[in-house]
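Below, read A as the first sequence line, B as the second, and so on, with proteins coming before strands; counting in each chain starts at 1. Not measured: the values here are computed from a predicted model.
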There are 2 protein chains.
Amino acid sequence: MTEAATPIPDRSNGRERILDEAMQLFAEHGFDSVTVRDIAAKADVSVGLINHHFGSKEGLREAVDAKFIRQFEEVLDSAAPSMGQMRMEDFFAWVDDWIARHQSTWPVTVQYFRRALLEESEWGASVFEKFFSIARASIDRMDAQGLLRPDVDRLWLPFLMVYLELGTSLLDPYVTKILGRSGFEADLWKRRHRAYLSLIYRGVLPPKDRARKSSAQEAN
Amino acid sequence: MTEAATPIPDRSNGRERILDEAMQLFAEHGFDSVTVRDIAAKADVSVGLINHHFGSKEGLREAVDAKFIRQFEEVLDSAAPSMGQMRMEDFFAWVDDWIARHQSTWPVTVQYFRRALLEESEWGASVFEKFFSIARASIDRMDAQGLLRPDVDRLWLPFLMVYLELGTSLLDPYVTKILGRSGFEADLWKRRHRAYLSLIYRGVLPPKDRARKSSAQEAN
DNA sequence: TCGCAGACTGAACAAACGTTCAAGTTTGGT
DNA sequence: ACCAAACTTGAACGTTTGTTCAGTCTGCGA
């Protein structure tokens with residue numbers, strides 16, 4: 001009330017302020033648990049303004065989703081053109097680099113992403129498919145170059161790669177509980193990146209055991 | 001109304017019927033989106049009975065959680081004693097076998113598990129930690145037996161293994177969209193099981209390229 | 001047969017919810 | 001200076017929510 005109309009927040013624009021605060025609240029507590037009054041209070045506007053701009057709470061959700069998608073896919077799409085001739089490592093590096101550049105806004109982003117994926121919003125599938133097709137594309141490329149063993153399962157490998165890629169996004173709260181800090185902090189991130197590249201390429205067995213183990217497996 | 005008081009459902013016991021239907025509804029739509037009236041209607045009881053047995057909606061949630069935990073952890077714990085001397089493959093096989101035996105009730109189970117992980121309920125962390133400690137235990141065992149290359153990241157490997165283990169549970173709706181059927185159907189399940197064991201042990205690179213690739217990586 | 005403890009009902013209630021609307025304020029072009 | 005359009009307000013409304021409670025029904029030991 002007595003505070004200035006536009007104290008700290010991003011823009012004096014009320015609409016943008018609603019969008020930002022709504023995204024943050026949805027990310028933290030989930031869509032159903034957040035009331036329009038919560039949002040109005042946090043954005044320092046009246047409840048009426050929300051429905052004036054977005055028609056309804058559902059309309060607000062769609063607007064927030066749209067804004068998030070724009071931010072998120074813009075990067076994935078800008079990577080897509082060169083993706084055809086991109087190596088798997090390069091794609092992962094690309095994503096990691098982007099993340100590093102957006103690390104300040106990342107906590108909200110990853111939480112929102114997490115909820116969107118688990119709540120099965122319509123575009124969750126589209127994002128998943130994007131990751132999936134990128135994984136499969138680089139797999140196909142590796143295959144064409146003879147970089148994939150013949151016995152590797154072509155059906156499941158891209159899914160497993162996506163699991164590894166999205167795992168920390170989906171489970172970071174629990175990772176944080178065990179590690180004491182978020183798996184998205186720069187050093188942990190880089191280290192994980194190397195770890196899963198190593199895992200995908202070479203697995204964990206030492207060279208000497210590979211022959212023995214694989215022959216034993218083929219005996220089944 | 002005109003239907004019999006105990007038509008089809010599991011037991012004539014109203015309390016159990018509430019518990020079962022609530023678990024199913026929570027799994028499908030999430031706790032906040034389900035009303036006590038929804039549950040009462042589906043369980044064919046009055047709204048008063050729910051609060052009579054469980055005190056409140058929150059009390060019902062705890063009871064449903066408790067029931068789910070009992071079912072879920074009972075198996076994990078029964079596996080834990082022999083886990084110390086269990087090979088990683090055996091543990092995965094164990095879990096898969098259990099799943100196969102519970103495949104009829106699995107859709108609800110996995111959905112509930114998924115939501116519990118998303119909503120970060122208190123026991124979600126406990127389940128995650130259980131998976132994590134089992135993964136780490138088998139990694140330690142492999143390490144002691146010299147079955148882990150020295151350069152493998154001991155910090156992230158258990159997390160990555162858990163990602164692979166839980167990935168399909170968390171993302172099955174999207175897998176289903178791409179594959180046309182659930183990744184939990186028996187044949188797909190078995191095939192995925194083999195695929196991630198192979199990935200963890202040996203990665204994807206053919207033997208001939210391993211030396212070249214690893215030396216190139218170490219040059220960084 | 002009595003009585004009572006527990007299962008069960010459903011109307012009623014207060015609070016919280018999303019939504020509406022008449023009215024006030026600010027903005028920008030003329 | 002004027003006005004129309006857009007922005008913004010907050011009280012009010014109707015609905016839905018979780019919860020309560022007086023009362024009914026049922027089974028069972030005394």
Side-chain angles (χ1 to χ4, degrees), chain A residues 1-67 115 119 121, chain B residues 1-67 115 119 121:
Chain A
M1 300 296 184
T2 58
E3 308 279 349
T6 60
I8 317 103
D10 359 293
R11 289 180 214 179
S12 57
N13 190 326
R15 192 190 144 97
E16 287 303 315
R17 221 162 53 239
I18 292 172
L19 239 33
D20 286 346
E21 300 297 344
M23 186 183 294
Q24 194 165 331
L25 286 173
F26 289 165
E28 277 178 48
H29 308 107
F31 180 77
D32 287 327
S33 303
V34 175
T35 71
V36 294
R37 285 173 178 81
D38 290 338
I39 300 167
K42 197 142 188 285
D44 197 26
V45 298
S46 66
V47 288
L49 189 60
I50 293 177
N51 279 30
H52 169 70
H53 278 307
F54 306 103
S56 68
K57 191 190 179 187
E58 186 58 34
L60 172 59
R61 169 190 225 152
E62 286 165 17
V64 173
D65 269 2
K67 177 172 183 170
R115 290 207 174 267
E119 284 176 3
S121 68
Chain B
M1 301 298 183
T2 56
E3 307 279 350
T6 60
I8 318 102
D10 359 293
R11 291 179 212 180
S12 58
N13 189 327
R15 192 190 146 97
E16 288 303 315
R17 220 162 54 236
I18 292 172
L19 239 33
D20 286 345
E21 300 298 345
M23 185 182 295
Q24 193 166 333
L25 287 173
F26 289 163
E28 276 179 48
H29 309 106
F31 181 77
D32 286 327
S33 304
V34 175
T35 72
V36 294
R37 284 173 178 79
D38 291 337
I39 301 168
K42 196 141 187 287
D44 196 27
V45 297
S46 67
V47 288
L49 188 60
I50 293 178
N51 282 30
H52 170 69
H53 278 306
F54 306 102
S56 68
K57 190 191 180 187
E58 185 59 34
L60 172 60
R61 169 192 224 148
E62 287 165 17
V64 173
D65 270 2
K67 177 170 184 172
R115 292 214 169 260
E119 289 172 3
S121 67

query: CZ of A:Arg15 versus P of C:dT27: gap in Å, rounded?
result: 18 Å
task: Among C:dA7, D:dC7, C:dG10, find the nucleotide with the atom closest to the side chain of B:Val47.
output: C:dG10
message: Starting the side chain at C-beta, find the nucleotide from D:dT9, C:dC17, D:dG18 nearest to A:Thr35.
response: C:dC17
query: A:Glu58 has an atom CD; how far is it from atom P of C:dC17, in whole Å?
result: 17 Å
message: In whole Å, I'd like the distance from the CD1 atom of A:Ile50 to the C1' atom of C:dT20.
response: 14 Å
- prompt: Which heavy atom of A:Leu25 sits nearest a heavy atom of A:Val34, and at what distance?
  reply: O-CG2, 3.5 Å
field: Per B:Ser46 side chain, nearest of listed nucleotides D:dT8, C:dT19, C:dT9
entry: C:dT9
message: Assuming nearest nucleotide by heavy-atom distance, tell me which of A:Gly55 and A:Ser33 is located more 5' along DNA chain C.
response: A:Ser33
- request: Using atom CD1 of A:Ile18 as one end and atom C1' of D:dA6 as the other, report the distance to the nearest whole Å.
  value: 14 Å
- request: Output the distance between atom CG (A:Leu60) and atom CD1 (A:Ile50), rounded to the nearest 0.5 Å.
  value: 6.5 Å
- line: Here the distance between atom C1' of D:dA12 and atom CZ of A:Arg37, to the nearest Å, is 11 Å
field: d(CZ, B:Phe54; P, D:dT19) in whole Å
entry: 13 Å
Check: B:Lys57 and B:Phe31 side chains under 4.5 Å, non-hydrogen atoms: yes
field: Phosphate OP1/OP2 of C:dA7 contacted by B:His52 side-chain N/O (<4.0 Å)
entry: yes
- prompt: With sequence neighbours left out, what residues match A:Arg37 under salt bridge (charged side-chain N to carboxylate O under 4.0 Å, His left out)?
  reply: none
Separation of atom CG in B:Asn51 from atom P in D:dT17, rounded to whole Å: 14 Å
query: In whole Å, what is the span from the CG atom of A:Leu49 to the P atom of C:dT20?
result: 15 Å
